[in-house]
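All of these numbers come straight from a predicted model, not from anything done at the bench. Proteins come first, then strands; the chains are lettered A, B, ... in the order of their sequence lines, and each starts at number 1.
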Amino acid sequence: MITALKFTLLLLALAFAQGLHYNYIDELDKEAGTVRAVQASQYVSLWPLPQKVKILDLSFKLTSFNIVDAKESSAGSSCSLLQDAYRRYYEYMFGIAKRQGPRKSRLTGPSELTELQVWITSPDSECDGYPSVTSDESYELSVDLPYAVLKAPKVWGALHGLETFSQLVYEDQYGAKSINSTAISDFPRFAHRGILLDSSRHFLPLKVILANLETMAMNKFNVFHWHIVDDQSFPYLSRTFPQLSQQGAYHPYTHVYTPADVKMVIEFGRLRGIRVVPEFDTPGHTQSWGKGQKDLLTPCYSGSKPSGSFGPVNPILNTTYDFMSQFFKEISTVFPDAYVHLGGDEVDFTCWKSNPDIQKFMDQQGYGQDYKKLESFYIQKLLDIVTTTHKGYMIWQEVFDNGVKLKPDTVVHVWIGGGANEEMGKVTAAGYTTILSAPWYLDYISYAQDWQKYYKVEPLDFDGTEEQKKLVIGGEACLWGEYVDATNLTPRLWPRASAVAERLWSAKDVTDINDAFNRLSVHRCRMVAHCYDILCICISFYDKL
Amino acid sequence: SSRVSSSGSSSALSSLHTVEGVWPLPQSFTSSTERYPLNPKAFYFGYGRQSAAQQDCSVLDAAFKRYFSLIFPDYTSGSGDKPFTVEIRVDHADCDSYPNENSSERYNLSVSAGQASLNAETVWGALRGLETFSQLVYQDDFGTYFVNKTEIDDFPRFQFRGILLDTSRHYLPVQAILKTLDAMAYSKFNVFHWHIVDDPSFPYQSRTFPDLSSTGAFHPMTHIYTQSDVRRVISHARLWGIRVLPEFDSPGHTQSWGKGQSDLLTPCYRGSTPSGTFGPVNPVLPSTYQFMARLFKEVSSVFPDSYIHLGGDEVDFSCWKSNPDVRAFMQKMGFGGDFTKLEAFYMEKIVNITSALKKTSIVWQDVFDYHERIPKDTVLHIWKGTPASYKEELSRMTKAGMRVLLAAPWYINHIAYGQDWRNYYTVQPLNFSGTEEQKKLVIGGEVCMWGEYVDATNLTPRLWPRASAAAERLWSDEKQTSSVDEAFPRLQDFRCKLVRRGIRAEPLHVGHCKHEYQGV
């Protein structure tokens with residue numbers, strides 16, 4: 001299936017991504033010939049690997065190729081989501097230049113594939129909707145004469161199918177775009193496949209976020225978890241409370257996300273089948289909120305006097321809940337996704353303990369010294385507020401651990417490393433759906449191929465019944481921002497996050513690390529060639545594959 | 001003053017409009033809060049009347065052009081019509097030469113109303129002074145440029161302050177190298193150690209042996225450095241006062257050489273038959289030395305620097321051991337079973353070749369470890385070990401009267417979570433047991449960015465500003481820069497300067513720059 005020439009080029013392109021450890025004392029490897037050359041995978045370079053793939057040793061040329069709606073499709077030319085995707089993938093596969101000028105009218109030869117027909121089979125294509133956790137993302141792709149067919153119940157599957165199709169296209173030895181006869185049937189293993197970016201520790205310019213949504217689509221990720229605010233800065237420009245970013249952003253104009261910016265992120269994501277789930281983390285992680293919203297945070301005391309510093313959100317004032325009601329009402333209209341992430345992690349009780357009003361309240365409520373009860377009191381009220389906005393919610397695992405009463409459709413986000421498996425067992429035993437992030441904190445870097453560590457994670461590797469395992473709806477790779485901004489985000493996230501992408505999409509038994517290395521090496525070059533980064537160094541090699 | 005950080009350190013940062021904001025910290029300075037507005041439309045560089053270099057000095061004319069844009073990154077018209085002139089005076093008109101190991105980089109900068117006087121012995125010193133001046137200029141919240149009254153007398157602590165890039169594990173496009181040279185100059189690095197070839201690929205296109213790259217590069221056309229590419233790198237480096245030190249590492253690390261040069265590498269044996277694989281350079285054939293003599297003759301004419309790095313590290317003896325011809329040669333030479341003697345024999349011949357070409361050799365420490373009797377003018381390059389062991393090595397080498405270059409603490413390709421720049425900053429290169437004379441033999445240090453996991457996609461953020469931490473250690477006075485906590489806000493400020501200049505320098509910790517990086 002892979003010609004010798006193709007093999008050689010693969011070898012050229014990809015060897016030495018893992019090399020000898022030059023001058024590396026701890027890992028000196030004196031054996032000659034330990035460089036692992038990249039081998040051609042039987043699955044060429046598909047990433048993440050589809051559920052069922054059959055590629056034949058029969059190739060077609062794509063000389064005067066086009067992507068069109070199938071006649072039977074329920075989404076026609078009025079479906080701009082698909083039309084945009086056709087253009088995007090066309091340009092991606094063939095370059096922008098070739099689209100100019102008239103189509104060649106010459107007759108095509110027998111081995112030429114002229115069309116990919118995209119057929120949305122369900123009566124409701126969901127073309128104008130937003131993707132959700134229950135979206136059908138499946139598709140079937142058949143590359144054969146007289147034309148290739150991509151069948152999907154909804155547009156979301158079609159988007160993934162287009163990505164897969166583009167990954168099948170290669171240049172033959174004379175530079176002609178080619179594709180092999182292929183049959184693929186594909187669907188994701190997990191419904192929630194996310195990336196968390198943190199725009200509070202460092203502000204991320206809009207185009208960095210958009211570029212990463214684009215790369216997420218190449219990896220079939222479908223959730224952008226936007227950890228938009230935190231202690232350090234509040235870049236979200238609220239229409240209801242503009243002073244939050246006015247006072248709390250690093251800069252009130254250059255370091256904020258305006259409503260138009262947010263809209264653009266949401267639409268850019270939607271066009272790629274990606275949900276945007278915002279996180280407004282409270283009651284901790286809120287230092288920046290306090291700058292623009294008086295009396296929201298708890299005044300800390302030193303002895304009998306206010307110390308001038310502030311702690312978590314003040315849970316004992318009615319004004320706090322009035323504010324939260326108005327604020328989350330806005331959030332529920334700005335962000336169309338059915339879920340909002342409410343945080344609830346890492347609440348530091350020392351400030352609450354120092355405050356005499358809080359102590360009095362604790363006494364009144366009969367909480368004694370159990371501040372977890374106070375936290376639960378706050379969260380409970382917040383959840384009730386959010387429920388009135390008709391949103392579901394996601395929360396970090398502490399909220400569950402502290403015994404807060406949760407709606408049955410709450411998603412519990414497991415993030416604490418060490419004991420994550422136990423936690424998954426507990427959360428699912430209690431009947432809650434859950435997503436896993438603990439093994440995928442990508443901001444923690446180390447020397448060499450840590451992607452393998454992320455790849456080897458098995459999310460269902462905990463003690464529990466089959467019913468419990470079904471409650472695991474997916475996972476997220478988290479790139480916290482303490483040491484990350486626009487200068488290093490892209491190379492730090494990719495291709496390491498791609499390892500997570502395959503774990504969450506592909507079948508459970510896709511675990512061959514060598515085959516993964518080979519495919520991921522090509523996939524990396526493809527991402528580089530896609531110019532999400534400034535330098536397209538692999539482009540010459542990719543073109544020849 | 002401008003609102004620099006919301007995390008409580010704004011008072012520290014706003015003071016950086018003084019000379020404290022210069023990175024690496026100058027040796028001696030006085031600064032004042034008295035400040036002068038600068039108007040880009042009335043800002044001039046000029047040559048002092050007593051300057052040996054005058055108009056048409058290539059190095060300085062090019063520097064004026066570059067530094068004008070670095071000083072005034074956007075075209076707001078400044079306030080005030082008073083002209084401001086930076087007047088340069090140098091003692092030697094070495095405008096068309098290359099910087100070398102003896103070049104003085106000392107300069108004196110005096111900023112006062114309407115003018116700055118920059119005096120230096122050489123144009124290279126003037127370049128360092130221009131860099132310092134460019135870092136003294138700042139903008140207020142309304143975009144007006146200012147510079148404070150300042151007096152600086154500055155010179156480097158070490159003469160050799162290098163960065164190693166590895167273009168063999170991954171090819172680095174010429175643009176990526178040029179951009180790195182720019183950033184090096186911002187941190188006052190002065191040597192680009194070009195580890196140009198190694199086992200994985202041979203991207204250097206040799207005039208004499210074109211097959212080396214046509215069969216040994218990742219790709220014979222797109223992944224090579226042509227002669228004109230190399231010239232471009234050297235000339236770009238020269239304009240920044242940076243030396244280009246090529247490394248052609250042998251006898252190990254040469255797998256890619258063997259593809260284009262038959263019989264150069266040692267055939268390995270399995271039992272009594274060749275196994276089909278190859279080991280280090282074959283040290284027993286006269287043809288090897290003929291080849292090396294011709295290659296190094298070319299290299300020494302292509303690279304103007306008087307130093308050549310010959311490598312000599314990590315030689316694997318197993319292939320030599322397996323080869324009957326090598327074993328016969330060992331016997332003939334009386335080396336017994338000691339293959340370090342064979343390696344020493346080989347290195348001695350290579351050093352003699354480069355000596356004949358009037359070049360000074362640098363070799364990795366392994367060569368000394370095997371064989372302490374090597375020509376006295378050879379420079380030894382320490383790359384391995386814990387602080388305790390490299391200090392021991394520093395003592396031993398300098399005691400033997402050898403000049404030494406320290407890289408061991410600055411293997412910057414090894415990444416870790418958090419602020420590892422602090423480790424690079426707190427190195428004390430001369431803190432080993434030895435006499436004052438011995439310490440003088442430490443000519444400097446080098447930051448190494450090996451390429452196993454690095455290519456153009458991640459080189460810049462991995463290198464900067466972490467390498468800048470080492471830059472201050474190598475340039476500045478150790479006592480004045482002993483506090484890593486005091487360095488932190490200064491380095492944060494400097495990294496924002498790098499970002500403003502388009503260098504993708506990663507953040508040290510939480511915070512922001514007034515002008516964030518605008519690419520993706």
Side-chain angles (χ1 to χ4, degrees), chain A residues 12-13 15-25 28 30-33 35 201-205 207-208 210-212 231-233 248-251 254-255 288 291 443-449 481-492 494 524 528 532-535 537-538 540-541, chain B residues 3 5-7 166 169-171 173 175-176 198-201 218-219 222-223 253 255 268 277-279 313-314 316 318-319 364 383-385 411 413-418 448 450-453 455-458 460-462 499 504-512 514-520:
Chain A
L12 273 172
F16 319 113
Q18 123 139 355
L20 290 171
H21 293 281
Y22 185 88
N23 289 354
Y24 187 52
I25 35 177
L28 266 187
K30 291 287 184 191
E31 269 177 69
V35 175
R201 270 62 179 238
H202 285 98
F203 179 77
L204 300 173
K207 63 179 160 181
V208 173
L210 301 184
N212 276 285
D231 283 329
Q232 286 79 2
S233 75
Y250 283 130
H251 188 281
T254 61
H255 287 61
S288 68
K291 295 183 181 166
D443 51 319
Y444 291 122
I445 51 168
S446 59
Y447 187 66
Q449 299 195 43
E482 281 85 350
Y483 299 99
V484 177
D485 73 1
T487 62
N488 60 353
L489 184 145
T490 304
R492 194 158 286 197
W494 307 106
R524 178 190 92 98
V528 172
Y532 71 83
D533 210 16
I534 43 170
L535 282 158
I537 50 147
C538 281
S540 53
F541 285 138
Chain B
R3 185 173 159 280
S5 165
S6 73
S7 52
D166 168 2
R169 268 76 178 208
H170 284 97
Y171 179 80
Q175 272 309 329
D198 203 297
D199 284 326
S201 77
F218 284 136
H219 187 280
T222 60
H223 285 55
H253 290 281
Q255 287 295 304
C268 314
T277 64
F278 294 87
D313 59 319
E314 297 187 309
D316 176 10
S318 58
C319 182
W364 295 109
W383 64 269
K384 57 183 166 184
Y411 262 40
N413 54 309
H414 293 158
I415 53 170
Y417 183 73
C448 296
W450 296 103
E452 283 86 348
Y453 301 101
D455 70 6
T457 63
N458 58 356
T460 306
R462 210 164 270 209
V499 169
R504 239 171 8 136
E506 67 179 22
L508 293 179
H509 197 232
V510 170
H512 81 293
K514 192 170 174 188
H515 301 274
E516 299 287 1
Y517 184 71
Q518 287 305 315
V520 285

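Of all heavy-atom pairs between B:V499 and B:A505, the closest is CG2-O, 3.6 Å.
Interface check for chain B: of the options A:D485, A:L489, A:L204, the most heavy-atom pairs under 4.5 Å are formed by A:D485. Among the candidates B:T277, B:T460, B:L508, the residue making the largest number of heavy-atom pairs closer than 4.5 Å to chain A is B:L508.
In this structure, A:Y447 and B:Y453 have perpendicular ring planes: the angle between them is above 60°, well past the 30° mark. Using a 30° and 60° split on the angle between ring planes, B:Y171 and B:H223 fall in the tilted class, from 30° to 60°.
For B:E516 and A:H255, the side-chain atoms include at least one donor-acceptor pair closer than 3.5 Å.
Residue contact with chain B, scored on non-hydrogen atoms closer than 4.5 Å, involves the backbone and the side chain of A:D443 alike.
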